[in-house]
Structures are given as structure tokens and as C-alpha cells.
2 protein chains.
Amino acid sequence: MKQAPKATKYESISHEIKRRILEKEYPYDAPIPDEITLAKEFGCSRMTMKKALDMLVMDGLLYRKRGHGTFIVKSAVDNQLVNVSTNESLGLTNLLKDKDIKSKTITFEVMFPDEHIASHLSITVQTPVYHIIRLRIVEGEPYVLEETYMPAELISGITDEVLQSSIYSYIKNQLHLTIGGCHRKIRADKPNELDQKYLKCAPDDPVLEVEQIGYLNTGVPFEYSFSRHRYDKFVFTAVNIQKT
Amino acid sequence: MKQAPKATKYESISHEIKRRILEKEYPYDAPIPDEITLAKEFGCSRMTMKKALDMLVMDGLLYRKRGHGTFIVKSAVDNQLVNVSTNESLGLTNLLKDKDIKSKTITFEVMFPDEHIASHLSITVQTPVYHIIRLRIVEGEPYVLEETYMPAELISGITDEVLQSSIYSYIKNQLHLTIGGCHRKIRADKPNELDQKYLKCAPDDPVLEVEQIGYLNTGVPFEYSFSRHRYDKFVFTAVNIQKT
DNA sequence: CAGTGGTCTAGACCACCCA
DNA sequence: GGGTGGTCTAGACCACTGT
């Protein structure tokens, strides 16, 4: 069951350096040791060291200045902004591990997709898809209304029981497929009837909608979904590092 | 004025391969040539080739499968989802280059920050900050209401004239500072009085708020801002690629 | 087995910055 | 000039896939 992912050298180095930063073992007002010194300490080449540090730069935890050195982004550490959506894996169940998550299935059917949906899933309108609407309930409070389309042949064997827990777990553990990434669009919207009914929105409560296309690591789209969140219960976070 | 950024080898290779993909010179149903072949074609090492392809994987345009090859994400090309926020540089002026952008300054003052703002800018409450509220108007239509706090000593010399055009251009071209990245939180909210007045929102029109901390490439926060968008005029997009 | 991408190395040269 | 990070190389070995 446990498939220890065998951390690479740069991953474990990156992890250790991240630990040192978060536990404030390096001062903020000076550069951390230079790449060559660190490479020597960890017994690796400079390229590998660079790759380890690259990961932390991507997380917004470090920045580099050619000719100067590598420095800690103080405010990132202080405000604990690190790493919210960059490495975020898909799925509520994963995101809110410690919470009590329940699901209420509102719609669960197989249908033919319209042009728009078919196009986003890279399938034809003759390919049947699951159409699922679920209300996710966190700690007893309605949290998000998810409408999902998935090609039925690709993600086969969805049952009511699967919908009660986690579709992503099912895809990973039962179907042995690997999720590779996603494209998302985030927008604000007025609540529709479903939102008002299930999320218990007032008619003038906005919702935050996340439109998402999920891809397997094969590049095949497996999911086209719309997640509508109560505006007072959800914030989407993103980190953006300019390429140097 | 023109400071040709001297493209690196992997950047120009990546650009050329991207062109080939978007112009459909490689078929969807087969892997693109392998790294060694491509490296030979472009006269570079395999590591450099890999780095060029890595950029396209990050853009969600390609995916790789060990033992198989490198493939095109068909739906990403078809739906033109490529590259919206990943490489997005800061600033409306940059983002909507071809549009007619006007700014109306609503508030422009220097003040002492409260605890919350000071903390996000990594400064003390004794450090004066600019407090700016601007309405940005695109093609004659109100687009976004931006409230910005910037340390006055760091980003010095802001004038009304600067606010009319682009603060980011001023920071880059006049102050010769380089912007390094940002952290963002996106949420939906109800319109406040300012929103209704300037964005011409109805009282039940939601707004999409982007809270942002901008960093210089030195890691110093230079900006803490809230951009409030009309819900019908703005979508935030994000690409997320799982690490393999 | 051969072919793919993933990691890692040791060393080189360059661009940038400061003293 | 000496130190930093950025790029690039040529080659090695590993992990995974298909035949």
C-alpha cells in the first residue's frame, strides 16, 4: 500500500533547508550560505544544490540576487504564506485533511456532453460523461457546491459510495491513475438557485467559482468542474515568482 | 532604452518549440522527438534541452511520461489556456497592452500604516506609507478599483502624473528596481460603497478581490494592495502542474 | 532488451556586484 | 579581482516502459 516515493537528493536537501529557514536557523539579514558551500555541506554538486534551492524560490521562500547571494523572504515566513496553492494537490479531502468532511450527492447521472464540455475534455459529444453535483460539508457547515463532468469510460465505476468520500482517492487508489495538473479560472458570481438552496446563501451573497480542467499525468483531461464556494468560507491563494 | 534581455539558449529553444506546437507542426497523437534528438537538432546538451521543455511543461503545454516520451496537451492548445497567469507580469498596463487604459486617482496620501499593513510590508507602524486608491478604466469602462499601500521611502517620488500612467513602469524605469514576485489571495465579496460608486456595481453585484503582496527581486515587500474587480469583467487564471 | 525521461556530477564560462 | 548566482556541457547512472 505504502509506495514510498523515494525522495530524490534535491528534494531531501530542499526539505532540510526549508526546515532551517522556518525554524529560523538562518538570520534574515544575511544571505544564507552560498551554493558551493552548501553543496559541499550536503555532499552534492552545485547543480543539485541549485535545484534544491530553486524549489524554495518557487515557493516564494527564498530569492536570489546574482553577485550578492541567496536571501530569505522575511514576510513570507512571518505571514506563513508559504506553499498554499503551488504544491496543492487536488481535492478537498486532501486539502482539509483534519476536518470532518461530508458529501451530499445532489445529481449523479450519465449523459452526453454538449459541445462546450466535450471540447474541454477533448472528447466527442458521443462520449458519455458522468454528471455529478455534490454539496461538500465541512465541520457541519455547507462549504462548496461542486459540479463535475468526467468521461465515464476513463473514470469508470463511480458509485454512490465513492461520491460519499473522495473521487480523487478513488482515481488514485482504485483506478491507479495519476493526476498531473490542472488549469483553473476563478471568478465571482451571483448565487443561483442551487447555491442559495444548498450553500444557504442569501440572494445577495456572492459566490466564488473555480472552473477547473484536471489532467492525468498522461495529459488526458479527466475532469471539467465548477466549484462554487460561499464567499465567506473560501480564499484562493497563489504564488507568482518572476523568472529572473 | 531598449535593454535587449539577451535570451538564453533554453529560452529561445523553448520559444521555437512552443511555436511549433501552437502551429501544429507536431501531431497530437505521437510523442514529440525525444530529448536527445532535439538536443542534437538544436546543437545543445540534453540538460539544456530538458530545461527548455521544462518551461513548456510548467505552462501546461506538454507532459512527459518516463519510458514513453513527451506529449502535447491537446486540450491546452485547443482551448488556448496557455500561459495566462504563470508568466503574467504585474500591472494592468502590462497585461492589457493594447487597450486604452485610464486612471482616476481617488485617494493619494501619506500615512502611518496600522499593524496589519505594517506586518505585511515587513515595516514598523512608524514607517510612512503611500495610500493610493485608483480607479482603472479600460476602453472607457470602469474595470478595477485598486487600493495600494507602499513604503514611501522605498518607492519614493510618486506623483499624480505617475498615478495617471503606471506605477510599475515608474518603479522599473525611474527607480530602477526590479519586481520579483508576489503572493495573492483571491476572494469574492459584496460591493462596498466605493465599489458601487466607481465600478458602477449594483448593490447585489459581487466583486472579485485580489489581495496582493508584491516583492522586489531583493525580497523586500514594496506593495500591499487590494484590487476589486467587477465580477463580469475579470477572471483570474492559474495553472498547476503536479511535481512528478 | 532498447528507448525514454529523471537525476546527478565535475567543471567551465559568463553576468553581476562590491570593494 | 574575488565572490556570487546563471547557464551550459558531456557524460554517467537510474527508473520506467514496451517488445
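Quick note on labels: first sequence line is chain A, next is B, and so on, each numbered from 1.
- Residues Arg64(A) and Glu35(A) form a side-chain contact, since some pair of their non-hydrogen atoms from C-beta on lies under 4.5 Å apart.
- Dashed line: the shortest gap from a side-chain N or O of Lys50(A) to OP1 or OP2 of dG6(D) is under 4.0 Å.
- In this structure the side chain of Thr48(A) never reaches within 4.5 angstrom of the side chain of Phe42(A), judged on heavy atoms.
- Atom CD of Glu11(B) is separated from atom P of dG6(D) by 13 Å (rounded to the nearest Å).
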Detail all sub-3.5 Å separations between protein N/O atoms and N/O atoms belonging to nucleotides 9-13 of chain D.
{"unit_1": "dT9(D)", "atom_1": "OP1", "unit_2": "Lys9(B)", "atom_2": "NZ", "d": "2.9"}
{"unit_1": "dT9(D)", "atom_1": "OP2", "unit_2": "Ser45(B)", "atom_2": "N", "d": "2.7"}
{"unit_1": "dT9(D)", "atom_1": "OP2", "unit_2": "Ser45(B)", "atom_2": "OG", "d": "2.9"}
{"unit_1": "dT9(D)", "atom_1": "OP2", "unit_2": "Thr48(B)", "atom_2": "OG1", "d": "2.5"}
{"unit_1": "dA12(D)", "atom_1": "N6", "unit_2": "Arg46(B)", "atom_2": "NH1", "d": "3.4"}

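- Partners of Ser156(B) under the side chain to side chain donor-acceptor pair (under 3.5 Å) rule, at least two apart in sequence or in another chain, do not exist in this structure.
- Counting to the nearest Å, the P atom of dG6(D) and the OH atom of Tyr63(A) are 13 Å from each other.
- Computed from coordinates, the Phe42(B) CZ to dC8(D) C1' distance equals 16 Å when rounded to whole Å.
- The distance from atom CZ of Arg64(B) to atom C1' of dG3(C) is 16 Å, rounded to the nearest whole Å.
- The interatomic distance linking Asp54(B) (CG) with dG5(C) (C1') rounds to 11 Å, in whole Å.
- Under the 4.5 Å side-chain criterion, counting only non-hydrogen atoms from C-beta, Arg20(A) is not in contact with Ile32(A).
- Atoms CG (Asp34(A)) and P (dC17(C)) sit 18 Å apart, rounded to a whole Å.
- Under 4.0 angstrom from either OP1 or OP2 of dC8(C) there lies no side-chain N or O belonging to Tyr10(A).
- For the atom pair Tyr215(B) OH and Lys74(A) NZ, the distance stands at 10.5 Å (nearest 0.5 Å).
- Here the P atom of nucleotide dT4(D) and the NZ atom of Lys40(A) are 10 Å apart, to the nearest Å.
- Using a 4.5 Å cut-off on side-chain heavy atoms (C-beta onward), Tyr224(A) and Val129(A) make no contact.
- At least one side-chain heavy atom of Ile132(B) sits under 4.5 Å from a side-chain heavy atom of Met150(B).
- Residues Leu163(B) and Phe108(B) form a side-chain contact, since some pair of their non-hydrogen atoms from C-beta on lies under 4.5 Å apart.
- Note that NE2 of His120(B) and NE2 of His183(B) are 11.0 Å apart. Values are rounded to the nearest 0.5 Å.
- Considering only the side chain of Glu35(B), dG5(C) comes nearest among dT4(D), dG6(D), dG5(C).
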Under 3.5 Å between N/O atoms: give me all the protein pairs with nucleotides 16-19 of chain D, atom names plus distance.
{"unit_1": "dT17(D)", "atom_1": "O3'", "unit_2": "His68(B)", "atom_2": "NE2", "d": "2.5"}

